[in-house]
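Both counts, for ligands and for their atoms, begin at 1 and track the order of listing.
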Amino acid sequence: MSFVQGLQCRECGRKYPTAPLHVCEDCFGPLEVMYDYDGIRRNVSREKIAERPRNLWRYRELLPIEDEPRVGLYSGFTPLIRARRLGEALGVDELYLKDDSVNHPTFSYKDRVVSVAISKAIEFGYETVSCASTGNLANSVSAHAASAGLNCYVFIPEGLEEGKIVGSAIYGPRTVAIKGTYDDVNRLCSEIGDKYQWAFVNVNLRPYYSEGAKTHAFEVAEQLGWKLPRHIVVGSAGGTILPKLGKGFKELRKVGLVDPDEPCSIYSAQAAGCSPIINALKRGTDVVDPVKPDTIATSIAIGNPADGYYVIQTLKETGGWGENVTDEEILDGIRLLASTEGIFTEPAGGTEVAVTKKLIEQGRIPRDESIVISITGNGYKTIETVAHIVDRPYSIDADLGNFDELYDGLTRATRPDAKAG
Ligand SMILES: Cc1ncc(COP(=O)(O)O)c(C=O)c1O
Ligand SMILES: [Zn+2]
């Protein structure tokens, strides 16, 4: 049973049918899915959800599909980890990590939005799916297209990490690398989308695609025992996930799954080398001026974010804020997370950790309230970014005497100096 009532323009309110549309013909505002919340309120309960399989479709009344889901049957329901050692390092009492770095099947938050978009593409009868991507989205679209037997074209900027390139190619899409930034890729994809009848998950299916990001918020609430964290920090690139966390929490209040008075402040994390949203926030405006990205955090390097305006609105509305961090701080963030919690994230996650640290130090996030850091991507895809900051293996012969010598040196010295290749 579906509770979708159609699409509606976020700006002027004009209504549209449930179709592959994404902008308003009157005002060019983005279209958003509408639901019958009274109907949902009567039909869902915590108990009913608890009985369902542990995947993102357990919240299906709040997702925009009509038929049974076609993909994503193992996506979502990622761990919410009580991070005691990282909490201690950051000097806070109650810290959690929402770990989408282990999302199925391609290890980033994008498996949520793609599960919904590809299920919807199949409902609409598309045979070819596509996307404009900074890497993770291409990985997820390629994998889901393969499992659904759909044709697939993915568009990425040139120069991405090997893990991101091979991590799409293995599923057999046509990968097109554009000589330019993500923003050039996106512009071209809008033109291709107009000309070819393909399901571009983050262009013409964007209203459906973005709804999938709400499941990150639903899971956090359910995993906290149907409570909201007081604060949550997440990375911003195109600006999809952050406003959808806000929408997700609002919906939980509206349909009675959490206390209607529970507040949750949301915070945006960006790299200093690409922070159009944080720049606007600090200037006190919601006009997001484009920038040219220059950062190791390639997956969140979007200079002209489609939904930047809505990120700022959500920060204001929820009493949150945002910060940016240098590439060096991002590397420190990756290392801090790995060494305290045993989780290897990519630069986007390093940004999320480093920004949280900064916001705590600034007093923006109080030390005695509950905090969730969203870890949105996996470090095994971006090995080359951190290869130079880790110790290399000690190289010895297969000889006990050789090892004794090494061990002796290591335990005697205060710092290991033998970093043989
Ligand atoms: C790992 C990771 N984290 C966060 C984001 C933020 O995405 P957005 O603001 O576009 O939802 C992305 C987007 O590509 C990503 O790949
Ligand atoms: Zn409109």
Are [X] and [Y] side-chain neighbours, meaning at least one heavy-atom pair lies under 4.5 Å?
X: L97; Y: V372; answer: no
X: N103; Y: S75; answer: yes
X: N136; Y: N139; answer: yes

Around ligand 1, what residues show up once you keep those with a heavy atom under 4.0 Å from it?
-> Y109, K110, T134, N136, G235, S236, A237, G238, G239, T240, I241, S299, I300, E346, A348, T376, G377

R10 NZ/CZ over Y310 ring centroid, <6.0 Å and within 45° of normal = yes

Any Lys/Arg nitrogen of K250 or E317 sitting under 4.0 Å from an Asp/Glu carboxylate oxygen of the other?
->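 Salt bridge: yes.
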
Does K357 pair with D332 as a salt bridge, N-O distance under 4.0 Å?
-> no

Which protein N, O or S atoms lie under 2.8 Å from the Zn ion (ligand 2)?
->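 Under 2.8 Å from the Zn ion (ligand 2) - ignoring waters, which are not counted - the protein N, O or S atoms are C9 SG, C12 SG, C24 SG, C27 SG.
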
Tell me which donor-acceptor pairs under 3.5 Å the side chains of residues 276-284 have, and how far apart each pair is, sequence neighbours excluded?
unit_1	atom_1	unit_2	atom_2	d
N279	ND2	S275	O	3.2
K282	NZ	E323	OE1	2.9
K282	NZ	E323	OE2	3.2
R283	NH2	V287	O	3.2
R283	NH2	D289	OD2	3.4

Set of side chain to side chain contact (heavy atoms under 4.5 Å, CB included) partners for F218, sequence neighbours left out |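 Counting only residues at least two positions away or on another chain, F218 forms a side chain to side chain contact (heavy atoms under 4.5 Å, CB included) with Y59, L62, K214, T215, E251, L252.
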
For the residue pair C264 and T318, what are the closest heavy atoms and their distance?
-> O-CB, 3.4 Å

